[in-house]
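Here the structure is laid out as structure tokens; the discussion comes afterwards.
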Amino acid sequence: MSARIGIVTFPGSLDDRDAARAVYLGGAEPVRLWHDDAQISGVDGVWLPGGFSYGDYLRCGAIARFSQVMDTVKAAADAGMPVIGVCNGFQVLCESHLLPGALVRNAHLRYRNAPTRLRVETERTAWTRAFEPGTEVVFPAKHGEGRYVADEAVLDELEDSGRVVFRYADNPNGSMRDIAGVCSEAGNVVGLMPHPEHAVEALTGPSTDGLGIVASVLSHLSEGAVR
Amino acid sequence: MTRQPLNVAVDTVGVATATPDEKQPWAELGLKDDEYARIRDILGRRPTQAELAMYSIMWSEHCSYKSSRVHLRQFGQKNPKTPRLLAGIGENAGVVAIDENIAVTFKVESHNHPSFVEPKQGAATGVGGIIRDIIAMGARPIAVMDSLRFGDIDHPDTARVLPGVVDGVSHYGNCVGLPNIGGETVFDPCYQGNPLVNALAVGVMPRARLQSMQASGTGNVVILLGAKTGRDGIGGVSVLASATFSEDGDEDSRPSVQVGDPFEEKLLIEVCLELFDTGLVVGVQDLGGAGLTCALSETAAAGDGGMHVDLELVPLRAKGMEPHDILASESQERMLLIVDPANVENVLARAQRWGLLATAIGEVTDSGRLVIDYHGQTVVDVPPASLADEGPVYERPFTEPNDLALIAVDRAETLPRPTTDDEIRQTVLDMAASPNLCDKTWITEQYDSSVFGNTVLGTPHDAGVLRLDERSGIGIALSLDGNSRFARLDPYVGAQLNLAEAYRNVALTGATPIAVSDCLNFGSPEDPHVMWQFERAVTGIADGCQKMGIPVTGGNVSFYNQTGREAIHPTPVIGVLGVIDDVAKRIPLGLGRTGDTIALIGT
Amino acid sequence: MARVVVDVMLKTEILDPQGEAVLGALPRLGVTDVSSVRIGRRVEIEFDENASNVEEQSRVIADKLLANPVIENFTIAVEESVETGAEHA
Amino acid sequence: MARVVVDVMLKTEILDPQGEAVLGALPRLGVTDVSSVRIGRRVEIEFDENASNVEEQSRVIADKLLANPVIENFTIAVEESVETGAEHA
Ligand SMILES: Nc1ncnc2c1ncn2[C@@H]1O[C@H](COP(=O)(O)OP(=O)(O)O)[C@@H](O)[C@H]1O
């Protein structure tokens with residue numbers, strides 16, 4: 001039986017179907033989860049998709065943090081379940097303190113959509129272990145509030161412990177230290193701004209590099225944690 | 001003036017009957033003498049304030065198409081017959097069959113004036129409005145396009161309008177989660193005080209899910225879904241404000257612009273589709289420019305009986321709103337549903353699950369009248385068709401502008417031409433740097449193009465291509481084009497050249513063009529020269545479509561794009577939709593590989 | 001050094017989707033007795049030591065740049081010396 | 001009816017590009033003696049007539065929802081009666 005990846009739909013989620021397609025094309029089974037679900041039993045991993053949860057009013061991800069499902073996702077993440085947040089999902093993970101730092105308005109103040117080159121800095125996470133470290137991937141980045149910020153001390157700590165997962169080759173938004181994605185201490189929770197789920201088919205995406213994300217979690221689930 | 005006590009100072013049908021001579025501000029509301037007389041005739045008494053507001057709205061140029069209707073008839077007369085056409089002119093948007101299971105609906109609409117007043121919200125609510133037309137047909141919106149026209153690029157007001165408009169299109173489309181797959185941006189001084197914002201939306205549905213706007217089935221319940229009703233855009237009827245309410249109102253109860261909430265719209269999409277899929281609604285209509293007035297009268301007129309509404313049940317956002325305010329409000333993100341009483345609870349529960357407000361406000365009756373009560377007093381009692389279908393129709397005079405001959409003398413052959421290599425080089429550089437030809441990435445990179453994962457071609461291609469079905473690979477191509485300089489020189493030929501351009505753009509992707517939607521942006525219909533341009537352009541499009549064998553399925557007319565006596569160039573904007581059997585075979589833009597042969601086809 | 005605070009709020013009759021969204025989320029925090037939330041911008045402008053006409057200049061800035069008069073109102077407060085309320089991290 | 005105003009500002013060490021953009025635009029308005037502009041959020045919360053612990057509840061709302069402590073600070077001001085400053089359209 002293939003691994004089951006739960007994809008959460010918040011009111012205002014936009015990339016939930018696309019994440020499901022990516023999971024499916026990558027060889028796993030997508031399972032739809034609802035923001036009000038108090039249970040997420042029966043899934044092996046969770047994907048928080050992009051979009052504008054609850055309209056992204058106030059701050060992106062600020063309101064989604066209080067949804068029912070996030071309590072359970074938090075508990076599951078603490079217990080080691082692989083969780084990935086893409087774009088708005090990354091913002092939700094930061095707002096929920098599952099990942100350090102915050103995502104603020106792009107330095108150039110605009111929403112910008114462009115294929116973006118990223119370096120995979122570490123394979124030691126549940127969602128990147130299928131990549132060679134240093135590999136360059138191309139995912140579309142599309143956001144208005146994707147500038148990663150954190151205290152210098154936090155940034156140093158992330159660098160030292162190898163928790164910077166993706167770095168921009170050409171920083172599109174002013175993120176500190178070109179950071180595009182980070183992970184939790186245990187490496188099971190990963191957040192990134194650019195969209196791997198929009199890079200899974202040659203016909204519609206700038207690359208098919210996004211499939212590596214699904215391949216990674218499948219390999220993680222079948223072989224166990226690396227850290 | 002006879003008025004009832006303060007707290008019930010509502011102009012009811014009873015009051016109207018008892019006070020036939022009360023002075024009414026029909027002229028301020030834009031109604032002509034004979035139109036007001038006809039309303040009194042229809043009702044057999046003077047209209048109430050609420051009725052007067054409703055007639056003034058529904059009989060406006062915008063809603064009644066009173067100046068354009070006689071010409072638009074040509075589309076129906078000349079449209080080639082095609083079995084693909086499932087719904088055409090007269091519906092919220094045209095619907096065409098793609099294969100035996102899938103249908104697609106699309107439409108272009110203008111939001112020009114609001115975008116000049118408040119560029120961001122004007123453009124945003126323009127996108128929001130056209131998306132709701134698509135939902136109302138039963139389809140899931142899957143993409144948007146935008147055709148934008150501004151004044152001179154160096155004019156200070158362009159610096160206000162352009163970024164705001166782009167921000168509005170981007171914000172609304174991105175937040176609702178629709179890829180923007182193309183459009184156009186044109187600069188010309190003729191648009192200085194009248195920028196054009198035309199938005200196209202396209203949606204897809206199983207053929208069986210096609211919805212109707214009919215309020216049919218006596219006893220069925222009328223439900224208002226979505227946002228609360230506020231004072232948005234009630235400007236037109238604000239002359240009706242009575243002194244009795246103003247002390248309660250805001251410090252500033254001037255007509256206010258509509259503000260969009262794309263998050264609410266996203267929820268509307270999801271709830272409506274869920275309701276359509278579960279077969280829970282009998283009829284549906286979006287609330288657009290004319291708010292409840294339009295939605296109630298159109299659904300009632302399309303249905304088979306009448307309708308009764310208790311207006312005080314409408315959830316309000318603002319204090320002190322009178323019946324005519326509630327009826328005229330242009331608050332965004334609202335839909336009207338007609339639901340079997342047995343399903344009401346289910347419908348309300350599904351809306352609530354998504355966090356959307358849904359309220360039963362009335363029911364379908366067999367009275368043949370649209371009756372609206374406010375706290376138990378009847379404020380409206382009219383035959384709905386008199387509002388929706390039987391508005392005034394004008395045969396406005398039209399004559400050829402006398403400067404046309406002068407303009408025609410100025411031929412391209414008389415222009416200086418570059419001859420030396422250096423001059424040719426400089427001309428190419430100048431052209432590449434000119435506002436109308438330069439790179440538009442600053443705009444297009446602010447639009448999401450890949451959400452849904454079905455965008456096969458988007459900007460900068462001449463047409464957008466979307467996959468509809470992952471298994472079969474079937475898809476559609478869309479192009480949206482206008483060229484007002486051609487149309488200014490010769491509106492008939494110019495409109496056909498526009499049509500041909502959009503048609504070619506679609507065909508060049510490998511798709512077969514099958515349908516047209518158009519947005520006709522013109523100056524004042526009261527100017528015979530403008531009316532001539534309009535008549536010529538419509539005839540050009542209708543004749544062109546007949547020759548090419550594709551029907552016009554719908555569209556929109558925007559008149560009064562003029563400042564003082566200066567009208568914009570006639571600007572028909574034409575959207576062509578094509579079908580492509582396998583999107584993997586689409587032909588992208590570009591020069592291919594080294595060694596490929598380059599050929600020029602045509603004249 | 002003069003500090004001026006310009007508060008820019010949506011006019012009351014204009015829909016404030018942000019405020020509505022926050023209002024809707026409050027019950028999740030256990031707060032149930034709030035009737036309205038409106039969200040606007042707070043702009044803190046610091047003028048140079050010897051700037052003159054601080055209030056007037058601020059009015060120009062607010063009117064031309066900070067607020068959109070079609071949908072927003074603003075208020076201006078001049079604080080002669082820099083002084084902040086108790087801050088909570 | 002109690003009204004509470006929560007002001008949320010980016011911490012000073014966090015770059016505020018919006019404030020910078022406004023600062024950069026001031027010379028075009030003829031304003032040259034401004035040294036800094038910071039832009040934050042002003043949140044006006046209206047509690048029901050008989051709400052209790054208004055200040056404490058506001059602190060919870062601000063701390064959990066309105067401000068993100070990683071990047072922002074907030075201040076709270078309780079105004080017992082509704083009162084607005086002079087408004088400029
Ligand atoms: N330029 C046009 N070409 C073809 N059809 C048009 C045109 N303008 C309006 N129509 C059709 O007339 C009908 C009324 O249009 P409209 O008032 O825009 O619809 P709505 O009620 O959605 O606002 C629609 O069916 C529309 O498609």
Side-chain angles (χ1 to χ4, degrees), chain C residues 1-9 11-12 16 18-19 22-23 25-26 28-54 57-67 69-70 72-77 84-89, chain D residues 1-9 11 16 18-19 21-23 25-26 28-54 57-67 69-70 72-77 84-89:
Chain C
M1 182 163 65
R3 190 165 80 155
V4 177
V5 175
V6 180
D7 287 326
V8 182
M9 300 298 292
K11 293 182 183 175
T12 44
D16 173 13
Q18 269 208 87
V22 169
L23 184 65
L26 292 182
R28 283 168 227 247
L29 304 187
V31 176
T32 53
D33 40 12
V34 167
S35 58
S36 133
V37 177
R38 304 279 294 175
I39 302 188
R41 278 190 305 284
R42 173 186 169 88
V43 186
E44 298 179 354
I45 306 176
E46 248 154 61
F47 282 86
D48 294 337
E49 216 69 49
N50 36 22
S52 55
N53 295 331
V54 164
Q57 293 208 59
S58 301
R59 192 171 315 282
V60 172
I61 300 172
D63 196 40
K64 293 246 170 88
L65 198 57
L66 301 179
V70 180
E72 293 168 328
N73 292 323
F74 62 86
T75 60
I76 292 180
T84 29
E87 297 222 337
H88 312 265
Chain D
M1 182 164 64
R3 190 166 80 155
V4 178
V5 175
V6 180
D7 287 325
V8 181
M9 300 298 292
K11 291 183 179 173
D16 172 13
Q18 230 187 328
V22 169
L23 185 65
L26 292 182
R28 268 177 273 160
L29 301 185
V31 176
T32 53
D33 40 12
V34 167
S35 58
S36 134
V37 177
R38 306 277 296 173
I39 302 188
R41 267 192 303 279
R42 174 186 167 89
V43 185
E44 298 179 354
I45 307 175
E46 249 155 61
F47 282 86
D48 294 336
E49 214 73 49
N50 36 22
S52 56
N53 296 328
V54 162
Q57 290 208 63
S58 302
R59 192 171 313 282
V60 171
I61 299 172
D63 193 40
K64 292 235 177 108
L65 184 61
L66 301 180
V70 177
E72 296 165 327
N73 293 322
F74 64 85
T75 61
I76 293 180
T84 29
E87 298 223 335
H88 314 263

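Letters A, B, ... mirror the listed sequences (proteins, then strands); counts begin at 1.
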Quick check for you: among D/A62, D/A25, D/S36, D/A51, which has the greatest number of heavy-atom pairs under 4.5 Å with chain C?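 Highest number of pairs under 4.5 Å: D/S36.
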Residue among D/E49, D/M9, D/K64 with most heavy-atom pairs under 4.5 Å to chain C: D/M9
Any side-chain heavy atom of D/V22 within less than 4.5 Å of one from C/V43? no
Checking D/V5 now: which residues fulfil side-chain contact (heavy atoms from CB on, under 4.5 Å) with it, not counting sequence neighbours? D/D7, D/R42, D/E44, D/E79
Residues which pass side-chain contact (heavy atoms from CB on, under 4.5 Å) with C/D48, listed by chain and number, not counting sequence neighbours: C/N50, D/D33, D/S35
What is the distance from atom CZ of D/R38 to atom CZ of C/R3, rounded to the nearest 0.5 Å?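 Rounded to the nearest 0.5 Å, the CZ-CZ separation comes to 11.0 Å.
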Residue C/L23 versus chain D: region with a heavy atom under 4.5 Å: neither
Contact class of C/L26 relative to chain D, heavy atoms under 4.5 angstrom: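 It is the side chain, since no backbone atom gets that close.
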